[in-house]
Participant: 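Handing you a structure now.
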Amino acid sequence: MRMSRGEIWFHRANHMALAVFGLLALSPFVHILAQSFSSYRAIISGDVAFWPVEWTTEAYVKVFHDPGFVRSFAVSVQRTLAGTALSVVLTCMLAYPLSRAYIRGRSAIMFLIVFTMLFSGGMIPTYLVIKELHLMNTFWVYIIPGALNAFHIVIMKNFFQSIPAELEESARMDGASNTGILLRIVVPLAMPAIATIALFNAVGQWNAFFDAVMYVTDSSLKPLQIYLRELVMSGQSNINTTDSLERQLLAVESLKAAALIASTLPILLVYPFLQKYFVKGIMIGSVKG
Amino acid sequence: MAKGEGLPVLRSSRPAAGLLPARRLGANLRQYWDLYLIMVPGILYFLIFKYLPMWGVIIAFKDYSVFAGFAASDWVGLDHFRRMLDDPQFYLVFRNTVLISLYKLFWGFPGPIILALLLNEIRSMLYKRTIQTLAYLPHFLSWIIIGGIMVNLLSPATGAVNGMLKWLGFEPVFFLADPGWFRSLLVISDIWKEVGWGAIIYLAALAGVDPQLYEAAVMDGAGKWKQLVHVTLPSILTTIIVLFLLRLGHVLDVGFEQVFVLYNSMVYDVGDVIETYVYRVGIGQSEFSYSTAVGLLKSVISLILVVIVNKAVKRTGQEGIY
């Protein structure tokens with residue numbers, strides 16, 4: 001089909017507009033990336049835009065040698081791995097029985113779960129409960145209070161329900177137990193949904209900082225996001241205090257940039273997988289168009 | 001993306017039938033005891049971390065003492081709520097919450113729709129994918145990182161934005177400490193972070209539009225604009241309405257993390273919202289009962305809004321959120 005002159009112009013303008021938009025979305029990252037590889041002098045004189053000036057990897061060397069960065073990076077990795085594993089296991093353990101018609105009381109339990117999406121005790125009573133459970137300043141405070149998410153349970157329950165009951169029946173004929181069916185038939189079939197909620201959890205854990213702000217004062221337990229906040233927002237990092245003035249100055253801008261890039265990297269590495277699953281994930285849970 | 005591709009959608013909830021429906025409870029428990037057992041940790045989780053705090057809101061009507069705990073502290077009735085009504089800071093915070101939320105709704109809501117409409121016109125899959133990938137990216141970064149990038153870009157001394165202003169002959173602006181700019185920055189950064197992500201659902205809706213409608217419209221001589229007005233927009237209107245209503249239900253949820261990361265004492269008057277206020281007064285000054293009362297008011301209003309909105313959504317013929 002031939003396009004009219006107006007349509008041709010529309011398509012050109014549309015391509016241009018989206019290209020500009022895409023560049024706008026990307027440009028802050030490129031700017032920070034360029035800064036992280038530039039010398040302090042070049043940054044301060046405003047020479048760095050989208051390409052490193054006076055190329056140096058010193059900022060990265062410093063960041064990776066900073067014990068604070070390494071420690072908080074390790075905390076973030078640990079909480080992401082442990083938190084995701086626990087969350088996925090507990091979600092399946094609760095969602096599977098709730099998806100079976102022969103389990104009594106399941107709609108009442110489901111209602112109680114969904115109700116927590118609509119109403120909550122709020123920040124202060126939750127804080128007091130966690131305090132009275134003596135979870136403050138422990139690693140567990142990252143893992144346990146966020147272990148389950150009502151929305152993820154709804155997703156998993158719906159997925160489990162969509163697995164044909166005949167599969168389960170024939171397995172039972174062959175003598176499989178309830179948990180045997182769950183582990184050997186249901187879980188392998190549910191891998192796409194499990195991967196989705198695992199990724200939801202992993203990104204959430206990696207980016208989380210509110211729990212650390214609320215419940216943790218011990219600096220050896222601080223996750224990467226808190227380290228970044230202290231570095232970027234208030235410049236309270238102890239980095240470089242023994243170095244010369246020139247090196248202290250380096251600490252300010254390019255170090256921030258390098259730390260930001262280093263903490264974004266893990267997300268960027270899993271991004272291709274993320275995108276594939278998340279786009280489906282949001283479709284499961286959202287209102288259908 | 002086609003409907004229900006790969007994963008099932010919420011609506012396809014067909015209960016799986018058991019092989020031997022055990023009628024008596026005892027027999028049922030005996031047959032499926034292991035499945036009842038594995039639910040226990042999850043149920044305990046919800047009781048302890050969700051329902052115990054709900055019961056804990058009674059301290060909004062008490063004078064909570066750390067030593068006495070939830071149950072044993074003295075009742076004070078509605079004292080904390082009366083104090084709230086006399087507190088000018090509370091009005092300021094409530095107003096900020098509603099204003100920031102409405103600004104985000106007004107400026108942020110059309111963004112994903114426009115982006116999806118533009119992307120939908122692109123024929124080249126490679127080009128479309130590339131732009132989409134760039135657009136989703138900021139969604140996956142924490143507010144700390146986005147905040148760090150903003151501090152970097154907006155810094156009065158070394159930031160790129162002020163560099164540009166200086167180059168154009170303007171005075172540098174300390175954006176993040178300027179009450180005149182703070183709300184705009186909240187709105188802009190929120191759009192930048194979420195617009196691509198928000199477009200996904202509209203793209204899905206657009207993919208569901210019957211191509212024959214466009215063919216018919218072209219036959220009738222409709223140009224691009226007429227096609228948009230008479231085919232595209234009516235086709236995705238219910239999606240737009242439902243998402244709009246859902247946003248209205250959450251008008252008191254401004255996004256604690258974003259404000260927490262970006263604000264500072266210079267902009268409290270325009271940036272302090274209910275949740276940051278509850279945090280500062282509750283945790284910072286240990287005023288547990290008063291801040292619980294403030295938080296409870298927010299939760300109750302939110303619950304009422306969500307229930308009303310859910311009714312409205314069901315009226316549009318869609319499934320609600322619950």
Side-chain angles (χ1 to χ4, degrees), chain A residues 7 10 14 18 22 25-26 28 31-32 43-44 46 90 93-94 97 100-104 113-114 116 118-126 128-129 145 147-148 158-159 161-162 165 169 172 178-179 192-193 203 207 209 225 228-229 232 253 260 264 267 279-280 282-284 286-289, chain B residues 6-10 12-19 21 28 32 34-35 38-39 41-42 45-46 49-50 52-54 56-57 118 121 131 134-136 140-142 144-145 148-149 151-153 158 160 163 200-201 204-205 208 224 239 242 257 278 282 288 291-292 295 299 303 306 318 322:
Chain A
E7 280 175 316
F10 168 78
N14 187 18
L18 285 173
L26 192 66
H31 180 67
I32 304 277
I43 296 172
I44 224 45
L90 281 184
M93 280 166 64
L94 185 53
R100 304 292 94 181
Y102 46 75
I103 296 295
R104 303 289 172 92
I113 291 170
V114 172
T116 65
L118 306 176
F119 186 79
S120 77
M123 187 186 291
I124 305 299
T126 308
L128 294 172
V129 164
L148 280 171
N158 286 327
F159 197 96
Q161 260 170 5
S162 74
E169 284 166 25
R172 199 153 283 165
N178 295 322
T179 38
V203 173
N207 285 338
F209 64 91
Q225 304 291 340
L228 276 181
R229 181 162 194 273
V232 175
E253 292 309 319
L260 283 173
T264 315
I267 292 269
V279 174
K280 282 182 186 166
I282 199 176
M283 295 304 299
I284 320 173
S286 55
V287 197
K288 265 206 310 177
Chain B
L7 296 175
V9 285
L10 266 182
S12 63
S13 45
R14 183 168 53 89
L19 184 67
N28 183 276
Y32 301 113
D34 43 0
L35 295 186
I38 61 173
M39 286 200 286
Y45 170 85
F46 277 95
F49 290 102
K50 300 291 172 186
L52 197 52
M54 281 186 211
V57 300
L118 293 181
E121 294 295 331
I131 300 292
L134 295 179
Y136 302 152
F140 292 106
L141 305 179
S142 71
I144 299 269
I145 295 203
I149 291 176
V151 168
N152 178 304
L153 287 176
T158 56
I200 293 177
I201 189 137
K224 276 267 167 263
T239 308
V242 168
E257 298 199 335
V278 169
F288 295 123
S291 51
T292 299
S299 296
L303 177 65
V306 169
Q318 301 280 325
Y322 58 88

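A note on names: the letters A, B, ... follow the listed sequences, proteins ahead of strands, and every chain is numbered from 1.
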Participant: Applying side-chain contact (heavy atoms from CB on, under 4.5 Å) to A:Phe10 and B:Glu121, what does each step give before you reach the verdict?
Facilitator: CA-CA 10 Å; A:Phe10 168 78; B:Glu121 294 295 331; 3.7 Å; yes

Participant: Looking at A:Ser120 and B:Ser299, what are the two nearest heavy atoms and their distance?
Facilitator: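 Looks like O-OG, 3.4 Å.
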
Participant: If you count heavy-atom pairs under 4.5 Å with chain A, which of B:Gly282, B:Gly295, B:Gly163, B:Ser291 comes out on top?
Facilitator: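 Of the candidates given, the most pairs with chain A belong to B:Ser291.
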
Participant: Can you tell me how far OG1 of A:Thr126 sits from CE of B:Met54, rounded to the nearest 0.5 angstrom?
Facilitator: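 Result: 9.0 Å between the selected atoms.
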
Participant: If you round to the nearest 0.5 Å, how far is CG of A:Leu18 from CD1 of B:Ile131?
Facilitator: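 Nearest 0.5 Å value for the CD1-CG distance: 5.5 Å.
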
Participant: Let's test your reading of the structure: which of A:Gly121, A:Ala147, A:Pro125 forms the most heavy-atom pairs below 4.5 Å with chain B?
Facilitator: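 The candidate making the most pairs under 4.5 Å is A:Pro125.
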
Participant: Hey, could you give me the CG/OH distance between A:Leu94 and B:Tyr45, rounded to the nearest 0.5 Å?
Facilitator: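 Reported value, rounded in 0.5 Å steps: 11.0 Å.
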
Participant: Can you tell if the side chain of A:Gln225 reaches within under 4.5 Å of the side chain of B:Ile145, non-hydrogen atoms only?
Facilitator: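 In short, these two side chains touch, coming nearer than 4.5 Å.
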
Participant: What heavy-atom pair brings A:Ile267 and B:Phe140 nearest, and what distance separates the two atoms?
Facilitator: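 Closest pair (atom of A:Ile267, atom of B:Phe140, distance): CD1-O, 3.5 Å.
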
Participant: Which one wins on heavy-atom pair count under 4.5 Å against chain A: B:Ala135, B:Ser142, B:Gly42?
Facilitator: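 Result: the option with the highest number of such pairs is B:Ser142.
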
Participant: Would you give the length of the straight line joining atom OG1 of A:Thr179 to atom CD1 of B:Ile38, rounded to the nearest 0.5 angstrom?
Facilitator: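 Reported to 0.5 Å precision, the distance equals 7.5 Å.
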
Participant: If you count heavy-atom pairs under 4.5 Å with chain B, which of A:Ile113, A:Thr116, A:Val129, A:Asn178 comes out on top?
Facilitator: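 If we count pairs closer than 4.5 Å to chain B, A:Asn178 comes out on top.
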
Participant: For the residue pair B:Pro41 and A:Leu90, what are the closest heavy atoms and their distance?
Facilitator: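 Result for this residue pair: CB-CD2, 3.7 Å.
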
Participant: Give, as side chain, backbone, both or neither, the part of A:Ile32 having an atom under 4.5 angstrom from any heavy atom of chain B.
Facilitator: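 When you check distances to chain B, only side chain atoms of A:Ile32 fall under 4.5 Å.
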
Participant: Any idea which of A:Leu26, A:Thr264, A:Leu128 has the most non-hydrogen atom pairs under 4.5 angstrom with chain B?
Facilitator: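 Maximum pair count with chain B is reached by A:Leu128.
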
Participant: Taking the side chain as C-beta and beyond, is there a heavy-atom pair between B:Glu257 and A:Phe209 under 4.5 Å?
Facilitator: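 SC-SC contact between B:Glu257 and A:Phe209 confirmed.
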
Participant: Kindly give the heavy-atom pair with the smallest separation between B:Leu118 and A:Asn14, and that separation in Å.
Facilitator: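 Between these two residues, the closest heavy atoms are O-ND2, 3.0 Å.
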
Participant: Between B:Leu153 and chain A, with a heavy-atom cut-off of 4.5 Å, which part of the residue counts as in contact: side chain, backbone, both or neither?
Facilitator: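 Contact with chain A is through the side chain of B:Leu153 alone.
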
Participant: Determine the minimum heavy-atom distance between B:Ile149 and A:Pro28, stating which atoms define it.
Facilitator: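 So the two residues come closest at CG2-CB, 3.6 Å.
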
Participant: List the atom of A:Phe119, the atom of B:Leu303, and the distance in Å for their closest heavy-atom pair.
Facilitator: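 Minimum heavy-atom contact is CD1-CD2, 4.0 Å.
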
Participant: Name the region of A:Leu148, side chain, backbone, both or neither, that has any atom closer than 4.5 Å to a heavy atom of chain B.
Facilitator: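 Contact with chain B: backbone and side chain both.
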
